[in-house]
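Below: the structure, in structure tokens.
What you see is a predicted model, and the numbers here were worked out from it, not measured in a lab.
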Amino acid sequence: MWDDVLAALAGRLKRQDSEQRLKRRLYFKSSSLDLYLQMALSYGGFGGSSVGEALHASSQVRERDLDTWITAWQTVGESASRYAAEAEARGAGASARQGWLRSYTYLRTAIHVVRPGDPRFRPLWDRAAGAFEHAARLFDPPLERITVPFDGGILPGYVMRPPGSHRPRPTMLLFGGGETYAEDMYFWGGATGMARGWNVVAVEVPGQGSTAFDGLHFRADVEGAVSRIIDTVLARPDVDPERLAAYGLSLGGYIVLRAAEHDERIRAVAASTPIMDWRRLLDESTPSVLRRFPALLEGATTRLGRFFDPTQLVVFEKFFQWQVGAKSLGEALRSFEPWKVDVTRIRVPVLSMAGDGEGPPFRRQAREVHELLPGPKVLRGFPASTGADAHSQVNNLALAQEVVFDWLDEVLQRDRRALEPAVSMVAS
């Protein structure tokens, strides 16, 4: 009986996984691996990859053997590092910067499928972070490393600002999701923001990115960490407090909404996708067979590992165990009960974004958030024809950022009257 149940569950998990974050695959049968490839390719729009290197790495991968993924991407990452170091040694700063950015992307892409307990995990991350730091020093002005003390720990990040004077500028707080690091945020909005005259601040909240190495865990009351980040940001002379926005991606959609509910210093919010009830989202994303047999939620990785995409096991271990601190999926789901946002308390303008390739629970919650918001609001969908229909528009980051910054430039004009009308608009 159990083998039949588990086999049925595996089939459901595979189908669900293909619908969860994207519908159209480019290269890999595994939707997770294909999403990671599309992410790496999207970074190319901001100097973070080349099609040739990314496709060469992909050609070396055997999908059921994740070691081949790690080796392939690490190899091209180290090749890009050597190119960057040679360029820097001969004074070719622009080429060196691009080489270091590509090296970061490839090494970081390898990390996607490395288990937290794997001895390669921390050294590989250190090499990726080191490549990004090399690139950061070669920008004009350099990308600035910052740290924010919080709850006995340190929240690391970057301030990315455009060239010119230190006059007050519009500033974006940029938060990724469960699988992103502060360094990734250069590609998710930092480069575009700087080009448009914005400061972009990307600081990891507890449990996110590299903070998990220090034992920090995700928590429902993330607004405390965000408020501390805002304290640090508003102390800077180059930040206009009247034009402070927050943009959240994936789980970052929960982070920015929760922060906006509690901190009125945030003047506008963009979320892709907006999440107001994390526990319900995960419940609705869980196959019904798992809900019928809740015992499978406890220790599910060992029971189900031989049946479905091994990448999902790594995702489980990293997020639910390493970053959340739970021992099982069941324990994690119970801990997520207070992860809620009362969006009726958010009065500032909100842009909600969701791609047609997202899973139905994500799209459903995005519309619910939009309907409940009492202030100025826009719900923006991304059909397949935009090439931005995957999770958080990972397959067309440039378009998503154009939408976000165009909207922010409109709602955060110095003329405060732009914030007064409670306009509701749905765009697709």
Side-chain angles (χ1 to χ4, degrees), residues 36-58 60-61 69-114 116 118-147 154 156-160 174 176 179-192 194 200-204 208-214 318 394 397:
Y36 300 148
L37 170 60
Q38 292 190 38
M39 185 186 303
L41 290 172
S42 281
Y43 283 13
F46 311 100
S49 69
S50 77
V51 173
E53 288 169 324
L55 291 182
H56 172 73
S58 298
Q60 306 302 302
V61 174
W69 173 279
I70 298 167
T71 299
W73 288 100
Q74 184 175 355
T75 298
V76 294
E78 291 173 346
S79 175
S81 290
R82 291 192 294 272
Y83 168 85
E86 292 167 0
E88 194 166 354
R90 65 174 185 270
S95 295
R97 183 181 65 244
Q98 298 304 104
W100 288 123
L101 287 176
R102 296 200 312 277
S103 176
Y104 168 77
T105 297
Y106 305 145
L107 295 172
R108 192 262 176 279
T109 301
I111 292 168
H112 277 302
V113 302
V114 184
D118 190 315
R120 295 172 291 184
F121 187 39
R122 184 61 188 263
L124 193 54
W125 165 245
D126 288 340
R127 296 178 72 174
F132 189 87
E133 288 182 14
H134 275 290
R137 292 194 293 267
L138 296 172
F139 282 85
D140 183 19
L143 309 186
E144 178 185 344
R145 287 275 293 175
I146 64 168
T147 56
I154 294 295
Y158 281 92
V159 175
M160 311 172 207
L174 184 54
E179 293 186 83
T180 55
Y181 296 81
E183 289 80 359
D184 290 318
M185 296 301 99
Y186 170 77
F187 306 103
W188 288 85
T192 300
M194 290 189 296
V200 177
V201 180
V203 177
E204 294 167 353
Q208 193 172 51
S210 61
T211 68
F213 286 118
D214 299 321
K318 279 185 178 175
V394 68
L397 295 179

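- Val201 approaches Val203 most closely through the heavy-atom pair CG1-CG2, 3.9 Å.
- Contacts of Tyr83 classified as ring-ring contact (aromatic ring centres under 6.0 Å, His included), with partners at least two apart in sequence or in another chain: none.
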Check: Could you go step by step and tell me if Tyr186 and Val200 meet the side chain to side chain contact (heavy atoms under 4.5 Å, CB included) rule?
Finding: CA-CA 8 Å; Tyr186 170 77; Val200 177; over 6 Å; no
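- For the residue pair Gln208/Thr211, the side-chain donor-acceptor check at 3.5 Å is not satisfied.
- To the nearest 0.5 Å, atom CG of residue Leu37 and atom CG of residue Leu55 are 6.5 Å apart.
- Side-chain atoms of Thr147 never come within 3.5 Å of backbone atoms of Pro156 as a donor-acceptor pair (strictly under, hydrogens ignored).
- Between the CD1 atom of Ile70 and the CG atom of Leu124 there is a distance of 8.0 Å, given to the nearest 0.5 Å.
- Residue Met185 holds its CE atom at 8.0 Å from CE of Met160, rounded to the nearest 0.5 Å.
- The shortest side-chain heavy-atom distance between Asp214 and Ile154 does not fall under the 4.5 Å cut-off.
- Shown here for Ala84 and Gly99, the closest heavy-atom pair between the two residues is CB-C, 3.7 Å.
- Nearest heavy atoms, Ala72 versus Gln60: CB-CB, 3.7 Å.
- Taking 4.5 Å as the limit, some side-chain heavy atom of Leu138 sits within range of a side-chain heavy atom of Glu88.
- The aromatic rings of Phe187 and Tyr43 lie parallel to each other, their planes meeting at an angle below 30°, with 60° marking the opposite boundary.
- When all heavy atoms of His56 and Val76 are compared, the pair lying nearest together is CD2-CG1, 4.0 Å.
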Notebook entry, point to check: Given Ser210 and Glu204, is the side-chain hydrogen bond (donor to acceptor under 3.5 Å, both in side chains) satisfied, shown in steps?
Noted result: CA-CA 8 Å; Ser210 61; Glu204 294 167 353; 2.9 Å; yes
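- Remark: Ala128 engages Tyr104, Leu107, Ile111, Trp125 in a side chain to side chain contact (heavy atoms under 4.5 Å, CB included) (not counting sequence neighbours).
- Atom CD of Glu78 sits about 6.5 Å away from atom CZ of Arg82, to the nearest 0.5 Å.
- Within the 4.5 Å cutoff, side-chain heavy atoms of Leu143 are placed close to those of Met194.
- Between His112 and Tyr36, the ring planes lie parallel to each other; the angle is under 30°, not in the 30° to 60° tilted range.
- Residues Glu183 and Arg108 are not paired through a salt bridge, judged by the lack of any N-O separation under 4.0 Å between the basic side chain and the carboxylate.
- The distance from atom CH2 of Trp100 to atom OG1 of Thr105, rounded to the nearest 0.5 Å, is 13.5 Å.
- With hydrogens and angles disregarded, no donor-acceptor distance shorter than 3.5 Å links the side chain of Ser103 to the backbone of Ala80.
- The shortest distance between side-chain heavy atoms of Arg120 and Gln74 does not fall below 4.5 Å.
- Heavy atoms only, all atoms of each residue included: Ser49 and Ala40 are closest at OG-O, 2.6 Å.
- No donor-acceptor pair closer than 3.5 Å links the side chain of Ser79 to the backbone N or O of Thr75.
- Judged by distance alone, the side chain of Trp69 and the main-chain N or O of Thr109 form a donor-acceptor pair under 3.5 Å.
- For the ring-ring contact (aromatic ring centres under 6.0 Å, His included) with Phe132, the lone residue among Tyr158, Phe139, Tyr106 that qualifies is Tyr158.
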